[in-house]
A.B. asks: 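There's a structure below that I have some questions on.
For ligands, and for the atoms within them, numbers begin at 1 and follow the listed sequence. This one's a predicted model, so the numbers in the text were calculated from it and none came from an experiment.
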Amino acid sequence: MRIAVVGVGAMGNRFGYALSQAGNDVTLVDGWQPNVEAIRQNGLRANLNGEEVQTPLPIYYPSEVNQIEEPVDLIVVFTKSYQLEEYFDQIKPLLTPQTYVLCLMNGMGHENILEKYVDQNLLLIGVTMFTAGLDKPGHAQLFGDGNVEIQNLGPKGETFAKKVVETLSQAKLNAKYSTSARYSIWRKACVNGTLNSLCSLLECNMGELGQTKEAKTYLKDIIAEFAAVAKHENIVLDQDEVFHHIDETFYGNIANHYPSMYQDLVKNHRMTEIDFINGAVWRRGQKYGVPTPECRLLTQLIHSKEQLVGAKLD
Ligand SMILES: NC(=O)C1=CN([C@@H]2O[C@H](COP(=O)(O)OP(=O)(O)OC[C@H]3O[C@@H](n4cnc5c(N)ncnc54)[C@H](OP(=O)(O)O)[C@@H]3O)[C@@H](O)[C@H]2O)C=CC1
Ligand SMILES: CC(C)(CO)C(=O)C(=O)O
């Protein structure tokens with residue numbers, strides 16, 4: 001399959017590498033100059049479970065995508081939530097009536113942004129539990145295992161969605177076709193709405209958070225807020241199952257992971273995706289008349305910390 005990975009930070013690196021190793025024709029698109037130049041010079045590089053890997057792949061700035069000669073079948077998008085619109089404004093030349101877009105980014109509401117650019121029948125949505133971190137431009141740390149769930153947003157995309165599941169699975173990205181991607185997005189938002197915000201505030205990794213005595217109580221309270229708001233969108237979250245799903249990450253092979261929000265805020269002093277996670281639940285709660293004091297406090301604390309560290313947008 002001809003695939004463009006748009007946003008080649010940590011996760012774009014993981015997916016770009018895996019898909020190219022499985023024989024797909026992969027092109028990269030990213031806007032961070034040191035990253036683009038490092039990949040042009042040394043290829044896409046990573047420490048993959050202890051092994052140094054490297055592969056040369058073409059990479060373009062968003063403003064250069066009109067130089068990509070052949071149309072791509074699929075765009076896999078891994079920008080930050082707040083960059084999505086700006087990227088899609090720039091990569092319009094890549095979007096043809098046959099080009100599908102797969103979004104596995106954390107957070108909620110991305111399909112509303114993407115629908116401004118792409119027909120609903122060309123949109124594939126879902127989640128991933130893979131982890132990744134960039135340690136320097138063009139080089140990622142890729143540890144542990146994960147999975148991917150995807151579904152077509154519009155009714156006509158099912159056949160292609162299943163083809164993408166096959167392509168991702170051949171690339172060892174453990175994909176499965178979901179019949180309830182919106183549920184999975186809310187479930188994953190609970191993971192990020194607890195682990196990402198709390199690890200960023202407490203400056204710890206997931207395993208360390210799980211070992212604190214109080215974590216399990218406030219985790220359940222936060223999940224309950226997500227569930228109360230989700231109900232107004234016809235999603236009935238199984239709170240016990242969601243809690244156990246999060247609890248498993250404290251002991252499994254991703255326990256040492258510092259969530260992407262920690263990497264942004266604490267390590268790199270960059271802005272976070274909080275407004276698309278706890279912030280989105282707080283906003284939706286206001287709309288539906290559901291109190292969400294925990295999500296409000298977490299959102300405000302993360303914003304305060306962004307100000308204290310002088311977080312930058314790029
Ligand atoms: N990391 C993880 O473990 C996981 C992340 N996700 C989600 O995937 C999406 C992508 O996340 P992730 O890959 O972590 O994002 P990264 O921050 O690694 O990369 C995203 C973009 O940010 C810019 N960028 C990255 N690092 C820097 C830096 N140090 N300085 C300046 N710009 C930088 C680049 O774009 P530009 O130059 O245009 O700004 C890059 O394309 C997010 O929605 C995230 O929540 C989902 C599951 C796990
Ligand atoms: C759940 C987790 C922590 C890893 O998949 C993640 O999504 C992130 O780091 O943002």
A.B. asks: Do L198 and I222 come within less than 4.5 Å of each other through their side chains, counting heavy atoms only?
C.D. replies: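 Side chain of L198 against side chain of I222, heavy atoms only: contact under 4.5 Å found.
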
A.B. asks: Taking everything shown except K231 itself, do over 12 heavy atoms lie less than 6.0 Å from its NZ?
C.D. replies: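 Incorrect, the count does not exceed 12.
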
A.B. asks: Using heavy-atom distances, let me know which of G144, G133, P259, A132 sits nearest atom 1 (N) of ligand 1.
C.D. replies: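 Selected option, by shortest heavy-atom distance: A132.
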
A.B. asks: Taking ring pair (Phe, Tyr, Trp, His ring centres under 6.0 Å) as the cut-off, I'd like each qualifying pair that reaches into residues 87-133, sequence neighbours left out, listed once.
C.D. replies: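 Passing the test, one end in residues 87-133: F88-Y117, Y100-F160, H110-F276.
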
A.B. asks: Set out, in order, the CA-CA distance, both residues' side-chain angles and the distance that settles side chain to side chain contact (heavy atoms under 4.5 Å, CB included) for F226 and C295, then state yes or no.
C.D. replies: CA-CA 8 Å; F226 274 69; C295 282; 3.6 Å; yes

A.B. asks: Side chain, backbone, both or neither: which part of Q33 comes within less than 4.0 Å of ligand 1 when only heavy atoms are counted?
C.D. replies: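 The answer is neither.
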
A.B. asks: Is the closest N or O pair between A10 and ligand 1 shorter than 3.5 Å?
C.D. replies: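 Yes: some nitrogen or oxygen of A10 is under 3.5 Å from one in ligand 1.
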
A.B. asks: Heavy-atom distances under 4.0 Å are what count here, so tell me which part of T79 touches ligand 1: side chain, backbone, both or neither.
C.D. replies: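 Under 4.0 Å from ligand 1, T79 contributes backbone atoms alone.
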
A.B. asks: With no hydrogens and no angle check, just 3.5 Å: does a side-chain donor-acceptor pair link H303 and E306?
C.D. replies: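 Yes, a side-chain donor-acceptor pair sits under 3.5 Å.
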
A.B. asks: Counting only heavy atoms not in E86 (residues, nucleotides, ligands), do more than 12 fall under 6.0 Å from its CD?
C.D. replies: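 Atom CD in E86 is not packed in, count stays at 12 or less.
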
A.B. asks: Within a distance under 4.0 Å of any heavy atom of Y87, pick out the atoms of ligand 1 and give their elements.
C.D. replies: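 It comes down to these atoms of ligand 1: 35 (O), 36 (P), 38 (O), 41 (O).
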
A.B. asks: Assess the residue pair Q141 and H257 against the criterion (side chain to side chain donor-acceptor pair (under 3.5 Å)); give the C-alpha distance rounded to whole Å, side-chain angles, the decisive distance to 0.1 Å, and a yes or no.
C.D. replies: CA-CA 10 Å; Q141 296 287 339; H257 176 67; over 6 Å; no

A.B. asks: Check each atom of ligand 1 against the heavy atoms of H257 and keep those under 4.0 Å away; list them by number with element.
C.D. replies: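 Once the distances to H257 are compared, the set is 3 (O).
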
A.B. asks: Applying a 4.0 Å heavy-atom criterion (strictly less than), which segment of N35 is in contact with ligand 1: side chain, backbone, both, or neither?
C.D. replies: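 Looking at N35 and ligand 1, no heavy atom falls under 4.0 Å.
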
A.B. asks: Checking side chain to side chain contact (heavy atoms under 4.5 Å, CB included) against I75, which of V5, I3, T99 comes through?
C.D. replies: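 Going through the options one by one, the only one that passes is T99.
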
A.B. asks: Heavy atoms only, cut-off 4.0 Å: how does D30 contact ligand 1, side chain, backbone, both, or neither?
C.D. replies: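 Contact part for D30 vs ligand 1: side chain (C-beta onward).
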
A.B. asks: With heavy-atom distances below 4.0 Å as the criterion, list the atoms of ligand 1 near S260.
C.D. replies: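 Those of ligand 1 that fall under 4.0 Å from S260 are 1 (N), 2 (C), 5 (C), 14 (O), 45 (O).
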
A.B. asks: So between H110, R270, M129, E273, whose heavy atom ends up nearest atom 17 (O) of ligand 1?
C.D. replies: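 Going through H110, R270, M129, E273 one by one, R270 has the nearest heavy atom to atom 17 (O) of ligand 1.
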
A.B. asks: Among all protein heavy atoms, pick out the one at the shortest distance from atom 6 (N) of ligand 1; state its residue, atom name and that distance to 0.1 Å.
C.D. replies: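 Closest protein heavy atom to atom 6 (N) of ligand 1: N106 ND2, 3.3 Å.
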
A.B. asks: Dump the pairs for me: ligand 2 N or O, protein N or O, distance under 3.5 Å, to 0.1 Å.
C.D. replies:
from: ligand 2; atom 1: 5 (O); to: F130; atom 2: O; distance (Å): 3.1
from: ligand 2; atom 1: 7 (O); to: N106; atom 2: ND2; distance (Å): 3.0
from: ligand 2; atom 1: 7 (O); to: K188; atom 2: NZ; distance (Å): 2.9
from: ligand 2; atom 1: 7 (O); to: N192; atom 2: ND2; distance (Å): 2.9
from: ligand 2; atom 1: 9 (O); to: H257; atom 2: NE2; distance (Å): 2.8
from: ligand 2; atom 1: 9 (O); to: S260; atom 2: N; distance (Å): 2.8
from: ligand 2; atom 1: 10 (O); to: N106; atom 2: ND2; distance (Å): 2.9
from: ligand 2; atom 1: 10 (O); to: N196; atom 2: ND2; distance (Å): 3.0
from: ligand 2; atom 1: 10 (O); to: S260; atom 2: N; distance (Å): 3.4
from: ligand 2; atom 1: 10 (O); to: S260; atom 2: OG; distance (Å): 2.5

A.B. asks: Do M261 and C199 have side chains that approach each other closer than 4.5 Å (heavy atoms only, starting at C-beta)?
C.D. replies: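 No. Closest side-chain heavy atoms not under 4.5 Å.
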
A.B. asks: Please identify which atoms of ligand 1 are closer than 4.0 Å to at least one heavy atom of Q83.
C.D. replies: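 What qualifies from ligand 1 is 21 (C), 22 (O), 35 (O), 36 (P), 38 (O), 39 (O).
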
A.B. asks: Of F276, W32, F78, which has the heavy atom at the shortest distance from atom 10 (C) of ligand 1?
C.D. replies: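 Of the listed residues, F78 has the closest heavy atom.
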
A.B. asks: Looking at I125, V127, I150, which one forms a side chain to side chain contact (heavy atoms under 4.5 Å, CB included) with L104?
C.D. replies: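 Among the candidates, only I150 passes.
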
A.B. asks: When you group the ILVMFWY residues by side-chain heavy-atom contacts below 4.5 Å and let the links chain together, are I91 and W32 in the same group?
C.D. replies: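 In one cluster: no.
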
A.B. asks: Do M129 and E149 have side chains that get closer than 4.5 Å, going by heavy atoms?
C.D. replies: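 When only atoms from C-beta onward are counted, E149 and M129 do not touch, as no gap falls below 4.5 Å.
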
A.B. asks: For atom 48 (C) of ligand 1, what is the closest protein heavy atom, and at what distance to 0.1 Å?
C.D. replies: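 Here the nearest protein heavy atom works out to F130 O, 3.2 Å.
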
A.B. asks: Starting from atom 19 (O) of ligand 1, what is the nearest protein heavy atom, named by residue and atom, and what distance separates them?
C.D. replies: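 Checking every protein heavy atom, the shortest distance to atom 19 (O) of ligand 1 gives G9 CA, 3.2 Å.
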
A.B. asks: Which of the atoms in ligand 1, numbered in the order shown and given with their element, are less than 4.0 Å from a heavy-atom of M11?
C.D. replies: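 Contacts of ligand 1 toward M11, numbered from 1: 1 (N), 2 (C), 4 (C), 5 (C), 6 (N), 8 (O), 13 (O), 47 (C), 48 (C).
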
A.B. asks: If a pair satisfies ring pair (Phe, Tyr, Trp, His ring centres under 6.0 Å) and one of its residues is in residues 40-85, list it, with sequence neighbours excluded.
C.D. replies: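 Checked against ring pair (Phe, Tyr, Trp, His ring centres under 6.0 Å) - neighbours excluded - the pairs reaching residues 40-85 are F15-F78.
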
A.B. asks: Identify whether V76 and L134 are in the same connected component of the hydrophobic contact network (ILVMFWY, side-chain heavy atoms under 4.5 Å).
C.D. replies: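 No, no single cluster joins them.
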
A.B. asks: Step by step, work out the salt bridge (charged side-chain N to carboxylate O under 4.0 Å, His left out) result for K162 and E166.
C.D. replies: CA-CA 6 Å; K162 289 183 173 164; E166 220 178 284; over 6 Å; no

A.B. asks: Distance-only check: which donor-acceptor pairs under 3.5 Å involve side-chain atoms of residues 280-293, not counting sequence neighbours?
C.D. replies:
from: R283; atom 1: NH1; to: D275; atom 2: O; distance (Å): 3.1
from: R283; atom 1: NH2; to: D275; atom 2: O; distance (Å): 3.2
from: R284; atom 1: NH1; to: E233; atom 2: OE1; distance (Å): 2.9
from: R284; atom 1: NH1; to: E233; atom 2: OE2; distance (Å): 3.3
from: Y288; atom 1: OH; to: E233; atom 2: OE2; distance (Å): 2.5

A.B. asks: Backbone, side chain, both or neither: what part of H269 comes under 4.0 angstrom of ligand 1, heavy atoms only?
C.D. replies: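 It is neither; nothing of H269 touches ligand 1.
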
A.B. asks: May I ask you to list the atoms of ligand 1 that are less than 4.0 angstrom from any heavy atom of G7?
C.D. replies: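 Reading through ligand 1 atom by atom, the close ones are 41 (O).
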
A.B. asks: Pairs of nitrogen or oxygen atoms closer than 3.5 Å, one from T131 and one from ligand 1: do any exist?
C.D. replies: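 N/O-N/O distance under 3.5 Å: no.
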
A.B. asks: Which residue and non-hydrogen atom of the protein lie closest to atom 14 (O) of ligand 1, and at what distance in Å?
C.D. replies: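 Going by distance alone, atom 14 (O) of ligand 1 is nearest to K80 NZ, 3.5 Å.
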
A.B. asks: Short list, please: which atoms of ligand 1 are under 4.0 Å from a heavy atom of K188?
C.D. replies: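 This gives 47 (C) as the contact atoms.
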
